[in-house]
Amino acid sequence: MKKRLVPIFIVILLTLLSAVWWVRTASDGDPVTGALRFSVPCGTVTVKTAPWKSEDGSYYVFLPSCSSLSEVRPIISGHSGLSIAGTPLTENTDLSVFRTGVPYDLTVERFRSETKTKLVFLQSSGISSVFISTESGSMRRIDADKTHEEAAAVILLDKSGTVIYAGGGKDKIHGRGNTTWALEKKPYHLTLDSAQDLLGTGPSRHWILLANALDRTNLRNRIVHDATGFAGLAWTPSCDYVDVYLNGAYNGLYLLSERIETGDGRLDIDPAAGGFLFEITNKPSDEDLSFRTRAHRTVRLREPEACTDAQLEAIRNRTQQMETAIRGLPDAVSWLDVLDLDSFAARFLIDEFFLNMDSDMASSFYYWDPAAGKMFAGPVWDYDLSCGSTANIWSAQSRYPDQIFAIGKFYYRLLYNTPVFREKVVRLYRDTFLPSFTDYLSQDLPALQNRIRDAAVMNDTRWTRQGNEPASQTADGLYQFFSRRIGYLQDAWIEGIPYCSVWFCDAGKTVVNHLSFPVNGDVVSLPSPLDLGIGSSSVWYVKDTDQVWSTDEAEPGEIYLSPISETDYNTRPQSYTDFGDEEQQDIGVLDYVKRVLRHNWQIVLPFACFLILLAVLVLYLIHESFPPQIGDKRL
């Protein structure tokens, strides 16, 4: 029996060795990246970067602002022979003869093979650079789960190559975000070994790399952060653009931002003295301290990060007091005694003007200042789906500049219906915000666009977002949005023209969207049910009637519309299946297997063969373990 097992073990061993070779070939078999890298001097620091292969087979070398092509040198691995534009490429080749943005012929000759492709040099300008080297040399584990943290060395260089920060390998990096984490270009959280001042705004250990993956203009978050000063918010996280390199590979244009936190140079409250910071969210984490309000708002406590049951109960009561004051319940005290009018008006104005879809729902921050004895609104966060974005289905509500967006929000609607609050907002907009933002549009924003122009080209190339973009994803589309938005608010707020609020319902007559427009005789075009993705009809019915509605009938006030008439609603087949109370099934292992099979078949296939052979061996051993019976040929 032992002799029979020898060939089986040999076959299994050879299969395993073949699997290892196959996996290595699949991961390291690129003829260009396996043979060519580049040494990039930046001031006193020299970094290494590898070419990136695009979908059309061309290769790109992304150079930071602080480098010079004349100082960049090739690093050639193995025994490959390389030539660029017909010129042999060596580690001493002067690359200054080549120009950025021009595709050059690249030839890689290896044993019995030759690869011909294109090589393009691109270079950023006017932007700082962040180089992150993880302990494992890979981002695979970090990108698999945003809770996975890994040690890293972080280096930040300004546009001229001056070292702003150079970590010694004890920094840490992990993922962050909710919707944006599911995208290919991921955001990250950096925890430095010690507090550092990366933006000239004060030291901190915690810094955020915002990917802006849903905003091709890369401008929305920065515009809103700049504009909060025009509204008078006390503090907004500072941010600036950086080119990010992960383990030598260019990963795109990011916003390096402060984290929302308390302390010197940050939010000026003291958690030790009873102050606290919280967020209204629709995606709480099991790791966070969170609770629900009476109006079913989920509150996630951000600071203090830990507290006693008594402290948490006090925080819960303060938060509920804020909500009760806004709702005007019988036991509410005057809301002006509970809420800081200036900060709530300022944050409302930012969310309303920029049509922030997350407002009053997610990433909505508030804080209690014990010194003032009031609740404050702010700081602002996460505006990549604002300003008329059509990046995904969740931003559909904010695509129309012609609306009072707050009417569709719970807290904001109640505040906006209070005359003293609405008057405060209108004065702030007319006298302070609008003049400053108008100057910003004509001077600061064009300068900002010009500064990131080369970096944006690199980012668009890396993430292949070229052409066929909706207007909202272009800078011109942003300017058009702001022009229409200012014109609309001129009518609704400054001129005081009455407006009609239109509530759109789905086929089940549940409100899903909202739009409002001045009733001033102008022709108004409403989106059809098909445009909003809630029906195939081209007309709207007044809810619970058979009356077709048109904008010609608009009057000041509110109206509810449905894509289906009352007759059709009552006669359509009813579905009695209700999945609302079903528990979510835990199929994590199955999902993982599907994901591996879909994306990593090069690894799965050889190991599947190995497992099959192993199963055959087990069956053989089981068969051999039974004693031979009379008549068995083994006797």
Side-chain angles (χ1 to χ4, degrees), residues 179 282 295-296 348 351-362 385-417 470-472 481 484-485 487-489 491-492 497-572 574-575 580:
T179 302
N282 56 0
H296 309 293
F348 173 94
D351 284 343
E352 176 63 39
F353 181 81
F354 294 106
L355 300 186
N356 177 30
M357 59 152 291
D358 283 338
S359 61
D360 203 22
M361 180 180 71
L385 287 178
S386 65
C387 306
S389 172
T390 57
N392 65 11
I393 59 173
W394 305 112
S395 58
Q397 285 180 284
S398 66
R399 73 175 63 176
Y400 303 105
D402 307 325
Q403 60 173 307
I404 299 297
F405 197 52
I407 295 179
K409 299 293 183 177
F410 177 55
Y411 287 163
Y412 278 169
R413 181 180 185 178
L414 296 170
L415 287 169
Y416 189 70
N417 285 335
S472 73
F481 168 85
R484 287 184 57 187
R485 190 75 181 129
Y488 174 81
L489 293 179
D491 288 343
I497 297 174
Y499 55 82
C500 176
S501 295
V502 181
W503 297 84
F504 301 104
C505 307
D506 60 16
K509 301 190 178 180
T510 300
V511 173
V512 296
N513 216 321
H514 165 263
L515 182 63
S516 60
F517 53 91
V519 182
N520 58 359
D522 292 342
V523 176
V524 177
S525 177
L526 286 186
S528 70
L530 186 61
D531 292 334
L532 296 181
I534 58 177
S536 57
S537 171
S538 60
V539 299
W540 290 105
Y541 296 89
V542 178
K543 184 182 176 184
D544 298 332
T545 74
D546 291 320
Q547 177 186 350
V548 176
W549 191 82
S550 71
T551 56
D552 295 338
E553 305 169 33
E555 297 179 353
E558 297 183 338
I559 190 164
Y560 290 78
L561 304 180
S562 170
I564 187 170
S565 67
E566 179 68 4
T567 300
D568 291 339
Y569 180 79
N570 290 331
T571 58
R572 68 177 183 168
Q574 299 294 314
S575 173

For [Y], is there any backbone N or O sitting under 3.5 Å from a side-chain donor or acceptor partner on [X]?
X: Ser472; Y: Thr390; result: yes
X: Asp506; Y: Thr510; result: yes
X: Ser565; Y: Asp568; result: yes
X: Asp360; Y: Tyr411; result: yes

Determine whether [X] and [Y] make a side-chain contact, defined as any pair of heavy atoms from C-beta on separated by less than 4.5 Å.
X: Leu385; Y: Asp358; value: no
X: Met357; Y: Arg399; value: no
X: Leu489; Y: Phe353; value: yes
X: Val548; Y: Trp540; value: no
X: Arg485; Y: Leu355; value: yes
X: Glu555; Y: Val519; value: no
X: Pro401; Y: Tyr488; value: no
X: Val502; Y: Phe504; value: yes

When rounded to the nearest 0.5 angstrom, what is the spacing between OG1 in Thr551 and CG in Leu526? 6.0 Å
Hey, what do you get for OH (Tyr541) to CG (Asp546), rounding to the nearest 0.5 Å? 7.5 Å
Salt bridge (Lys or Arg N to Asp or Glu O under 4.0 Å): pairs with one or both residues in residues 509-519, sequence neighbours excluded: Lys509-Asp544, Lys509-Glu566
List the steps and the verdict of side chain to side chain contact (heavy atoms under 4.5 Å, CB included) for Ile404 and Ser501. CA-CA 8 Å; Ile404 299 297; Ser501 295; 6.0 Å; no
I need the minimum non-hydrogen distance between [X] and [Y], along with the two atoms involved.
X: Glu352; Y: Ala406; result: OE1-N, 2.7 Å
X: Trp549; Y: Leu561; result: CE3-CD1, 3.6 Å
X: Cys505; Y: Tyr560; result: SG-CD2, 4.4 Å
X: Pro563; Y: Ile534; result: CG-O, 3.6 Å
X: Ala295; Y: Phe410; result: CB-CE2, 3.6 Å

The test is side chain to side chain contact (heavy atoms under 4.5 Å, CB included); show your working for Asp351 and Tyr412 and say whether it passes. CA-CA 10 Å; Asp351 284 343; Tyr412 278 169; 2.6 Å; yes
Start with the C-alpha distance between Tyr569 and Ser562, add both sets of side-chain angles, then the distance that settles side chain to side chain contact (heavy atoms under 4.5 Å, CB included), and finish with yes or no. CA-CA 10 Å; Tyr569 180 79; Ser562 170; over 6 Å; no
